[in-house]
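Worksheet: the structure to be examined is printed underneath.
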Amino acid sequence: MSTRKHYWLMKTEPTDFSIDTLEKVGREPWTGVRNYQARNFMRQMKAGDEVFVYHSNCEVPGIYGIGEVVGTPYPDPTQFNKKSKYFDPKSTQEQPRWDLVDIGYVRHLKRLLSLTEIREHRDALGEEFALTRTGSRLSVLPVTAAQWKLLLALEKK
DNA sequence: GCCAACGTTGGC
DNA sequence: GCCAACGTTGGC
């Protein structure tokens, strides 16, 4: 695998955890991902990779800020916690099912990039972009360097 | 291995 | 709150 920096997009419900919260705490273990595809993407993450922080299930869904991967993937501790809503009875300490990474705060975007606006650039972003693919509910997804550049450029418009 | 039932995601 | 699209579960 290449050692080049990779880019990602991670969704969060702002009522639960927002870019503002991330700024406040500085660094956060990205708990609660319970989808194998999303988990597999997190397993590929390397320290220094950059991440769009996307707010879903809210008034204006879209990209609100940037974070970075800190450290390496490790088992999500909430899978072992019976009191957690993310508890998974099928997980054991010896054989954890779910991993996570810590995400550090980088910055807010200068302005919101709404899903509506992002969709206007569907052609340039490509059909395979999981965020705008119909029915895709992936909460962690890869962003190519070209897509990252394109989206960041929109910020300045 | 098939597939219906069910639960979840997330835009609107 | 609605519901389409999708993933997971479990009976067979």
Side-chain angles (χ1 to χ4, degrees), chain A residues 6-25 28-45 49-69 73-103 105-144 146-148 150-155 157:
Chain A
H6 285 81
Y7 301 99
W8 311 91
L9 182 145
M10 295 171 97
K11 297 181 185 174
T12 179
E13 300 193 16
T15 50
D16 187 45
F17 188 88
S18 71
I19 185 75
D20 296 339
T21 325
L22 184 59
E23 180 175 22
K24 230 168 279 172
V25 299
E28 179 76 7
W30 211 263
T31 55
V33 172
R34 295 293 180 270
N35 170 284
Y36 290 107
Q37 220 183 330
R39 179 204 65 183
N40 293 342
F41 285 135
M42 284 203 293
R43 285 183 172 170
Q44 295 172 32
M45 290 184 183
D49 283 2
E50 289 195 274
V51 176
F52 280 133
V53 177
Y54 178 95
H55 287 183
S56 67
N57 241 318
C58 57
E59 201 172 340
V60 186
I63 299 170
Y64 282 76
I66 296 175
E68 68 174 336
V69 176
Y74 61 97
D76 180 343
T78 64
Q79 70 193 304
F80 309 122
N81 180 0
K82 274 191 175 159
K83 287 179 183 153
S84 168
K85 64 172 169 176
Y86 300 126
F87 175 67
D88 186 342
K90 287 176 185 161
S91 277
T92 62
Q93 296 279 353
E94 296 73 32
Q95 294 228 306
R97 301 176 108 190
W98 307 109
D99 287 348
L100 56 66
V101 289
D102 283 12
I103 298 297
Y105 175 77
V106 174
R107 67 178 179 87
H108 280 64
L109 288 193
K110 294 183 188 78
R111 67 180 189 86
L112 153 73
L113 297 184
S114 72
L115 179 60
T116 312
E117 182 177 357
I118 294 166
R119 281 224 179 91
E120 288 166 9
H121 302 273
R122 211 175 200 158
D123 288 348
L125 288 165
E127 277 175 20
E128 72 289 348
F129 189 41
L131 184 69
T132 46
R133 213 167 49 207
T134 34
S136 172
R137 302 176 317 187
L138 257 189
S139 61
V140 176
L141 53 105
V143 176
T144 66
Q147 289 163 344
W148 182 270
L150 192 154
L151 290 164
L152 264 192
L154 291 180
E155 184 192 20
K157 280 189 184 161

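Sequence lines set the chain letters: A, B, ... in the order given, protein chains first and strands last, and positions in each chain run from 1.
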Basic-acidic side-chain contact under 4.0 Å: A:Arg107, A:Glu155: yes
Interatomic distance, A:Arg133 CZ vs B:dG10 P [rounded to whole Å]: 13 Å
Within 6.0 angstrom of A:Glu128 CD, more than 12 heavy atoms from elsewhere: yes
Heavy atoms from other residues, nucleotides or ligands near CG of A:Asp123 exceed 12 (cutoff 6.0 Å): no
Nearest-nucleotide comparison on DNA chain C, the residue closer to the 5′ end among A:Arg97 and A:Ser136: A:Ser136
Distances under 3.5 Å only, N/O to N/O: pair up the protein atoms with those of nucleotides 5-9 of chain B.
residue	atom	partner	partner atom	Å
B:dT8	O2	A:Arg137	NH1	2.7

Sugar-phosphate only, base, or nothing, as touched by A:Arg119 at under 4.0 Å among non-hydrogen atoms: sugar-phosphate
Rounded distance [0.5 Å steps], CZ in A:Phe52 versus CG in A:Leu152: 4.5 Å
Main-chain N/O of A:Trp98 paired with A:Gln79 side-chain donor or acceptor, under 3.5 Å: yes
